[in-house]
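This is a predicted model, so every value here is computed, not measured.
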2 protein chains.
Amino acid sequence: MERQTKQRQAILQVIREQGRPLTVDEILNYGRFHVPRLGMTTVYRSVRAMLREGVLLGVQYPGQPTRYEMPAHSDHIHFICNCCGKVHDLPLSQTEISLQLPDGFVAKGQELIVYGFCPECRPGGKAADAGIS
Amino acid sequence: MERQTKQRQAILQVIREQGRPLTVDEILNYGRFHVPRLGMTTVYRSVRAMLREGVLLGVQYPGQPTRYEMPAHSDHIHFICNCCGKVHDLPLSQTEISLQLPDGFVAKGQELIVYGFCPECRPGGKAADAGIS
DNA sequence: ATAGGTGCAAACAGTTTGCATGTAT
DNA sequence: ATACATGCAAACTGTTTGCACCTAT
């Protein structure tokens, strides 16, 4: 992203003001409020450029289109239910991650995805029994 | 997955013997060695059923098709370079994760995805400086 | 025997590309 | 002025669905 255009400003703005991961379609809909003739091609190209610059972060949930968010908003756990496919955002609060990467790798953000069964789908019922199996 | 068919056996077998996440296309190619007329429809449907059962785990890298692996093989870090898009499998060895989920959530597997720049793409060069920024 | 599985082809959805036009620098 | 950005339409790729045939139970 080298030039400053109203399209790119709008894209960043809607992602910033929503404060959650948005799909290209969502960016397009919100963005057209600011730039009526905004095209999806532009969104795809801008988003890709912003990813390269680290301004945005891409998040993918199985079976859903890629969503883009500001890196600062990504400090939570993405819990994906193997059964219903829903994605739950869980607090990272009680979870500790001490990251140690090999030389040469620079971390700009991280995401912990946990797979399993959510309360609704759990075979047992609703009793509490969290933890890695 | 309720019935035992040679297609489904083959699908599980190739994923097990490769020991890494495979795309549907890869499953198809390897699988046709065992079942020549194996169709992609079958692979998609079987894989989805296995996901539901927790037998398989889906892994998604931005811009790439979904890959499927045995849950046991997922204990490593997926490092995705924001610049070149490559996915590096890094050892989980030095990294500590103490997971604590809210009541009712059952973890069957986890995946730590770290975004950043790999040694080739890092702005600086090759000096060592890992760690969350 | 029959419910469930398979595989082809066609439909879909998300994303990328070609190209003429527009615009920030 | 000019190199880069835009947006439409068409092409692509990964995935799903309709339907007739097959097969494990």
Side-chain angles (χ1 to χ4, degrees), chain A residues 1-15 21-53 55-69 80 82-87, chain B residues 1-15 21-53 55-69 80 82-87:
Chain A
M1 187 165 75
E2 313 188 345
R3 288 188 189 177
Q4 188 79 333
T5 67
K6 54 186 189 299
Q7 288 80 344
R8 294 179 179 183
Q9 288 168 347
I11 292 169
L12 273 180
Q13 184 180 343
V14 299
I15 295 177
L22 298 182
T23 63
V24 165
D25 228 53
E26 289 170 321
I27 296 173
L28 209 45
N29 290 331
Y30 292 121
R32 278 179 172 155
F33 180 78
H34 303 290
V35 183
R37 305 194 52 66
L38 181 61
M40 72 172 171
T41 312
T42 300
V43 175
Y44 275 110
R45 279 192 285 233
S46 303
V47 151
R48 205 194 316 172
M50 293 170 187
L51 281 179
R52 257 196 305 273
E53 293 178 26
V55 178
L56 286 187
L57 199 84
V59 186
Q60 302 212 254
Y61 307 141
Q64 295 180 44
T66 306
R67 289 154 199 275
Y68 304 93
E69 66 181 351
I80 302 179
N82 281 336
C83 174
C84 66
K86 280 212 196 95
V87 182
Chain B
M1 188 164 75
E2 312 187 346
R3 287 189 191 179
Q4 188 79 333
T5 68
K6 54 186 190 300
Q7 289 81 342
R8 294 178 177 183
Q9 289 168 347
I11 291 169
L12 273 180
Q13 184 179 343
V14 300
I15 295 177
L22 298 182
T23 62
V24 165
D25 227 54
E26 289 171 321
I27 295 173
L28 209 45
N29 290 331
Y30 291 121
R32 278 179 173 156
F33 180 78
H34 304 290
V35 183
R37 307 194 51 68
L38 181 61
M40 72 172 173
T41 311
T42 301
V43 176
Y44 275 109
R45 279 192 284 231
S46 304
V47 151
R48 205 193 316 173
M50 293 172 188
L51 280 180
R52 258 196 303 273
E53 292 177 26
V55 178
L56 285 187
L57 199 85
V59 185
Q60 301 212 253
Y61 309 141
Q64 294 180 46
T66 305
R67 289 154 199 277
Y68 304 92
E69 65 182 350
I80 302 179
N82 280 336
C83 174
C84 65
K86 280 210 197 95
V87 182

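In terms of phosphate contacts, B/R37 brings a side-chain nitrogen or oxygen within less than 4.0 Å of OP1 or OP2 of C/dC8. Between B/R3 and the phosphate of C/dA3, there is no side-chain N or O to OP1/OP2 separation shorter than 4.0 Å.
Between A/Q7 atom CD and D/dC4 atom P there is a gap of 17 Å when expressed in whole angstrom units. The interatomic distance linking B/M50 (CE) with C/dG5 (C1') rounds to 12 Å, in whole Å. For the pair B/H34 NE2 and C/dT6 P, the computed distance is 16 Å after rounding to whole Å. Computed from coordinates, the A/L38 CG to C/dG22 C1' distance equals 15 Å when rounded to whole Å. Distance, A/E26 CD to C/dT15 P: 12 Å, rounded to whole Å. Rounded to an integer number of Å, the gap from CZ of B/R8 to P of C/dG7 is 11 Å. Atom CG in B/L28 sits about 9 Å away from atom P in C/dG7, given to the nearest Å. Taking atom CE on B/M40 and atom C1' on C/dC8, their separation rounds to 9 Å, with Å as the unit.
The OH atom of A/Y68 sits 9.0 Å away from atom CZ of A/R48, with the distance rounded to the nearest 0.5 Å. Atom CG of B/L22 is separated from atom CG of B/N29 by 10.0 Å, given to the nearest 0.5 angstrom.
In the set C/dT6, D/dT6, C/dT15, the nucleotide with an atom closest to the side chain of A/Y44 is C/dT15. With C/dT15, C/dG5, C/dA24 as the candidates, the nucleotide lying closest to the side chain of A/Q4 is C/dA24.
The nearest heavy atom of DNA chain C to B/R32 and to A/R45 marks one nucleotide each, and the one closer to the 5' end goes with B/R32. Between B/T5 and B/T41, it is B/T41 whose nearest contact on DNA chain D lies nearer the 5' terminus. Of the two residues near DNA chain D, B/K6 and B/R48, the one whose nearest nucleotide lies more 5' is B/R48.
The minimum heavy-atom distance between A/G58 and A/T66, with the atom names listed, is CA-CG2, 4.4 Å. B/V35 and B/A10 make their closest contact through CG2-CB, 4.0 Å (heavy atoms, listed as atom of the first residue, atom of the second, distance).
With hydrogens and angles ignored, the 3.5 Å screen pairs no side-chain donor or acceptor of B/T42 with any backbone N or O of B/L38.
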